[in-house]
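Order of the sequence lines sets the chain letters (A, B, ...), proteins ahead of strands, with each chain counted from 1.
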Amino acid sequence: MLKRTKIVSLINADQTIDQVLVKGWVRTRRDSKDFSFIEINDGSCLKNIQVIANNNLANYEEVKKLTTGSSVAITGALVESKGGNQKYEIVAQEVEIYSLAPDDYPLQKKKHTDEYLRTIAHLRPRTNKYGAAFRVRSELSFAIHKFFNDRGFRYVHTPIITGSDCEGAGEMFQVTTLDLNNVPKLPNGEVDYSQDFFGKAAHLTVSGQLNGEMYALGLGDIYTFGPTFRAENSNTTRHAAEFWMIEPEMAFADIYDDMDLAEDMVRFCVKHVMEKCADDLALFDKFVEPGLIAKLQNIVDNGFARITYAEAIEIMQKSGHNFEYKPEFGIDMQTEHERYLAETHFKRPVIVRDYPKEIKAFYMRLNDDGRTVAAMDVLVPGIGEMIGGSQREERYDVLVQKINEMGMKEEDYSWYLDSRKYGSVPHAGFGLGFERMMMLVTGIANIRDVIPFPRTPNSINF
RNA sequence: UCCGGCUUAGCUCAGCGGUAGAGCAAUCGGCUGUUAACCGAUUGGUCGCCUGUUCGAAUCAGGCAGCCGGAGCCA
């Protein structure tokens, strides 16, 4: 019994083969006088394999009815092509038709808009662009695991459902089994969560960082890579309600180790995808973001610029550029500022560190100047903030003071404070939005197009 | 959530006060080792929804909805 061969193997074959079996979907069919050209794609690579179906096939009349989107299994000989656009083609000995796609198949042999393809997200993986995007997504995921694994980082699975409503990274989705039409109430009118599944209010995680820190302080170097949820009503090209985040955490590390790790990781992943997905990236370079490959090569070769927040403000003040919001020490940087730094001034990714403490989270380590914290953001051309990280405040007293200063409840963080109470060490980490790195690598400008089935406000189809 | 734009054939769009068009797709036919093949014919639309203005509305006005872009929030 002949085994199926994937098209990627046939495209890259080093010699002809007497008999092969390929299975896939018809992309296009062109009839000739005595035979028909059928292009088959099986998703194993961007390229199609061209099949010659001669009119001596037993079911040739059926073969001539093959439409775009139909599924077939073809047995035949892999031979050198007489045409100019491909090295090999298959001369069919047998064409088995699994299923004929009716004439209302929504994907045509032409370019569709991304907006239209979003309305048929269940079928878009059958297009060149989205096939390429999701092959890259897979390869980029693997690159992340490979990078950390090679460096001895342990992969930690932090919880998706969390009982702490104060992870401090945004609005949360509530998780409940209570009957929303008949919610149990306490005498004071508040919801009686003691009757809920967990006996208290529960939410979907917005970050695994606090949990990740606990494991770094036991295993040394760890990372998480999993889904994250934000109930923010954000309607932009770079926000989704459900996205994947990578959060490494290193014990015995400071902000400089953290920046090195972030830069090394991005450069490793970009290089990996450039090597493994060359055809797919070539498609993006041609149709999605002209200059993409040169941009990525620049990232691999030249690395990131590094400045402090104070220097960033100074650069912008001296730039003569007319900002809508005047850059001054103390402001939270706006999109226009981030874009100016990465796109106009440095023209490459830039790491900004040492932000004013007032605009950053409680767990970031207070610098010796007393007014900035050891936080760093990686700003990327075209995307903005791709990574946010920091050295964590390891001093118990300072951390408690920060918690109180920010009006948070100390008792809510008792387990987190334990890590500073017992054997506290300097440590650092960051969070990287996986989809934003996908946007960087593919040039795809909308986050909805780098997630298989994106979830955004008012949109949860498929 | 705020600001702006868009919504006409299956898809991409034109038409912008006088009663609906093109290209592509689809269907049929022709031609051809073709490359999103090519040539010809045919089919296909309550012009997003509701109200109003007008002799007359796809076209003007108001409301609603959906989508897109920008901003905020962030990853």
Item to check | Test ring pair (Phe, Tyr, Trp, His ring centres under 6.0 Å) applied to F323(A) and H321(A), step by step | outcome: CA-CA 6 Å; F323(A) 292 100; H321(A) 188 271; 4.5 Å; yes
Checklist entry - Does any residue of residues 49-79 of chain A have a heavy atom under 4.0 Å from RNA chain B, and if so, which ones, in number order? => result Q50(A), I52(A)
Next on the checklist: Do the side chains of E139(A) and R135(A) get close enough for a salt bridge, i.e. N-O under 4.0 angstrom?
Outcome noted: no
Item to check | Length of the line joining E171(A):CD and rG72(B):P, which is rounded to integer Å | outcome: 18 Å
Checklist entry - Between Y155(A) and F225(A), is the ring centre distance below 6.0 Å? => result no
Next on the checklist: Tell me whether the rings of F148(A) and Y223(A) are parallel (<30°), tilted (30 to 60°) or perpendicular (>60°).
Outcome noted: parallel
Checklist entry - Would you call D279(A)-K47(A) a salt bridge at under 4.0 Å N-O? => result yes
Checklist entry - Are the charged groups of D449(A) and R118(A) less than 4.0 angstrom apart, N to O? => result yes
Checklist entry - Can you tell me if the side-chain N/O atoms of T335(A) get under 4.0 Å from OP1 or OP2 in rG72(B)? => result yes
Next on the checklist: Under 4.0 Å between a side-chain nitrogen and a carboxylate oxygen: does that hold for R230(A) and E171(A)?
Outcome noted: no
Item to check | Phosphate OP1/OP2 of rA37(B): any R30(A) side-chain N/O under 4.0 Å | outcome: yes
Item to check | Side-chain N or O of N446(A) closer than 4.0 Å to phosphate OP1/OP2 of rG69(B) | outcome: yes
Checklist entry - Rounded to the nearest Å, what distance is computed from the CD atom of residue E232(A) to the C1' atom of nucleotide rG72(B)? => result 10 Å
Item to check | Under-4.0 Å side-chain N/O to phosphate OP1/OP2 contact, R238(A) with rA71(B) | outcome: yes
Next on the checklist: Under 4.0 Å, counting only non-hydrogen atoms across every strand here, what does Q209(A) touch: a base, just sugar-phosphate, or nothing?
Outcome noted: nothing
Checklist entry - Is the shortest side-chain N to carboxylate O distance from R137(A) to E435(A) below 4.0 Å? => result yes
Next on the checklist: Near RNA chain B, counting only heavy atoms under 4.0 Å, which residues of residues 430-438 of chain A show up?
Outcome noted: G431(A), G433(A), R436(A)
Checklist entry - Got a sec, which residues hit side-chain contact (heavy atoms from CB on, under 4.5 Å) with K110(A), two or more places apart in sequence or on another chain? => result Q108(A), H112(A)
Checklist entry - Which whole-number value in Å describes the distance from N128(A) CG to rU35(B) C1'? => result 13 Å
Checklist entry - Taking the same atom, C1', in rA57(B) and in rU46(B), what whole-Å distance lies between them? => result 14 Å
Item to check | rG44(B): pairing nucleotide in any strand, Watson-Crick or G-U under 3.5 angstrom | outcome: none
Next on the checklist: In this structure, how many angstroms lie between the P atom of rC2(B) and the CD atom of E324(A), rounded?
Outcome noted: 18 Å
Checklist outcome for this item: All heavy atoms of T228(A) vs all of S207(A), minimum pair found to be CG2-N, 4.0 Å
Item to check | Span that lies between the P atom of rG4(B) and that of rU8(B), in whole angstrom | outcome: 22 Å
Next on the checklist: Does the protein touch nucleotides 6-13 of chain B at the base, only the backbone, or not at all? Give it as B, S and - per nucleotide, heavy atoms under 4.0 Å.
Outcome noted: ----BBS-
Checklist entry - Is N85(A) touching bases, backbone alone, or none of the nucleic acid, heavy atoms closer than 4.0 Å? => result base
Next on the checklist: Tell me the interatomic distance from M439(A), atom CE, to rC74(B), atom P, rounded to whole angstroms.
Outcome noted: 18 Å
Checklist entry - How is I246(A) classified with respect to the nucleic acid when contacts are heavy atoms under 4.0 Å: base, sugar-phosphate, or nothing? => result nothing
Checklist entry - OP1, OP2 of rC67(B) versus side-chain N and O of R448(A): anything below 4.0 Å? => result no
Next on the checklist: Can you tell me if T28(A) touches the phosphate of rA36(B), counting only side-chain N or O atoms and a distance under 4.0 Å to OP1 or OP2?
Outcome noted: no
Item to check | Residues R448(A) and D114(A) bridged, charged N to O under 4.0 Å | outcome: no
Item to check | Electrostatic pair E358(A)-R371(A), nearest N-O below 4.0 angstrom | outcome: no
Next on the checklist: With the six-membered base ring of rG33(B) as reference, does the ring of F37(A) sit under 5.5 Å away with planes under 30° apart?
Outcome noted: no
Checklist entry - NA contact type, E336(A), heavy-atom cut-off 4.0 Å: base, sugar-phosphate, or nothing? => result nothing
Next on the checklist: Please verify the inter-ring angle class for H122(A) with F462(A); under 30° counts as parallel, over 60° as perpendicular, anything in between as tilted.
Outcome noted: parallel
Next on the checklist: Show, in sequence, the C-alpha distance, side-chain angles and deciding distance for R126(A) and L107(A), and conclude whether the side-chain contact (heavy atoms from CB on, under 4.5 Å) test is met.
Outcome noted: CA-CA 8 Å; R126(A) 302 189 192 187; L107(A) 294 169; 3.9 Å; yes
Distance-only criterion, 3.5 Å: show the donor-acceptor pairs between side-chain atoms of residues 374-390 of chain A and protein atoms not counting sequence neighbours.
unit_1, atom_1, unit_2, atom_2, d
D377(A), OD2, Y355(A), OH, 3.4
D377(A), OD2, K360(A), NZ, 3.2
S390(A), OG, R392(A), NH1, 2.7

Item to check | Mate of rC24(B) where both pairing distances stay under 3.5 Å, Watson-Crick or G-U | outcome: rG10(B)
Checklist entry - Do NZ/NE/NH1/NH2 and the carboxylate oxygens of E62(A) and K65(A) come within less than 4.0 Å? => result yes
Item to check | Complementary nucleotide for rU59(B) - Watson-Crick or wobble, under 3.5 Å | outcome: none
Next on the checklist: Whole angstroms only, please: what is the NE2-P distance between H239(A) and rA71(B)?
Outcome noted: 9 Å
Checklist entry - Is there a Watson-Crick or G-U wobble partner for rC38(B) with both distances under 3.5 Å, and which nucleotide is it? => result rG30(B)
Item to check | Nucleotide nearest E89(A) when distance is taken to its side chain, options rA75(B), rG33(B), rC73(B) | outcome: rG33(B)
Checklist entry - To the nearest angstrom, how far is D31(A) atom CG from rU27(B) atom P? => result 11 Å
Checklist entry - How far does the C1' atom of rG63(B) sit from the matching atom of rG70(B), given to the nearest Å? => result 25 Å
Item to check | Rounded P spacing from rG10(B) to rA26(B) in Å | outcome: 15 Å
Next on the checklist: Between D260(A) and R306(A), does any side-chain N to carboxylate O distance fall below 4.0 Å?
Outcome noted: yes
Item to check | Base rC73(B) to side chain S234(A), donor-acceptor N/O within 3.5 Å cut-off | outcome: yes
Item to check | Ring centers of F173(A), H203(A) separated by less than 6.0 Å | outcome: no
Checklist entry - Is R118(A) touching bases, backbone alone, or none of the nucleic acid, heavy atoms closer than 4.0 Å? => result sugar-phosphate
Next on the checklist: At 4.0 Å (heavy atoms only), tell me whether T237(A) reaches a base, stays on the sugar-phosphate, or touches nothing.
Outcome noted: sugar-phosphate
Checklist entry - Considering every strand shown, what is the Watson-Crick or G-U wobble mate of rU1(B) when both distances are under 3.5 Å? => result rA71(B)
Next on the checklist: Please report the distance, rounded to the nearest Å, between CD1 in I387(A) and C1' in rC74(B).
Outcome noted: 14 Å
Extract from the structure each pairing of a protein N or O with an N or O of nucleotides 40-43 of chain B at less than 3.5 Å, listing the distance.
none

Checklist entry - With a 4.0 Å cut-off on heavy atoms, is Y105(A) in touch with a base, just the backbone sugar-phosphate, or nothing at all? => result nothing
Checklist entry - Using the C1' atom in both, what is the distance from rC64(B) to rU43(B), to the nearest Å? => result 35 Å
Next on the checklist: In whole Å, measure the gap between the P atoms of rU59(B) and rA75(B) for me.
Outcome noted: 46 Å
Checklist entry - Rounding to the closest angstrom, what is the interatomic distance between rU12(B) and rC67(B) at atom C1'? => result 16 Å
Next on the checklist: I'd like the C1' distance from rG45(B) over to rU54(B), given in whole Å.
Outcome noted: 25 Å
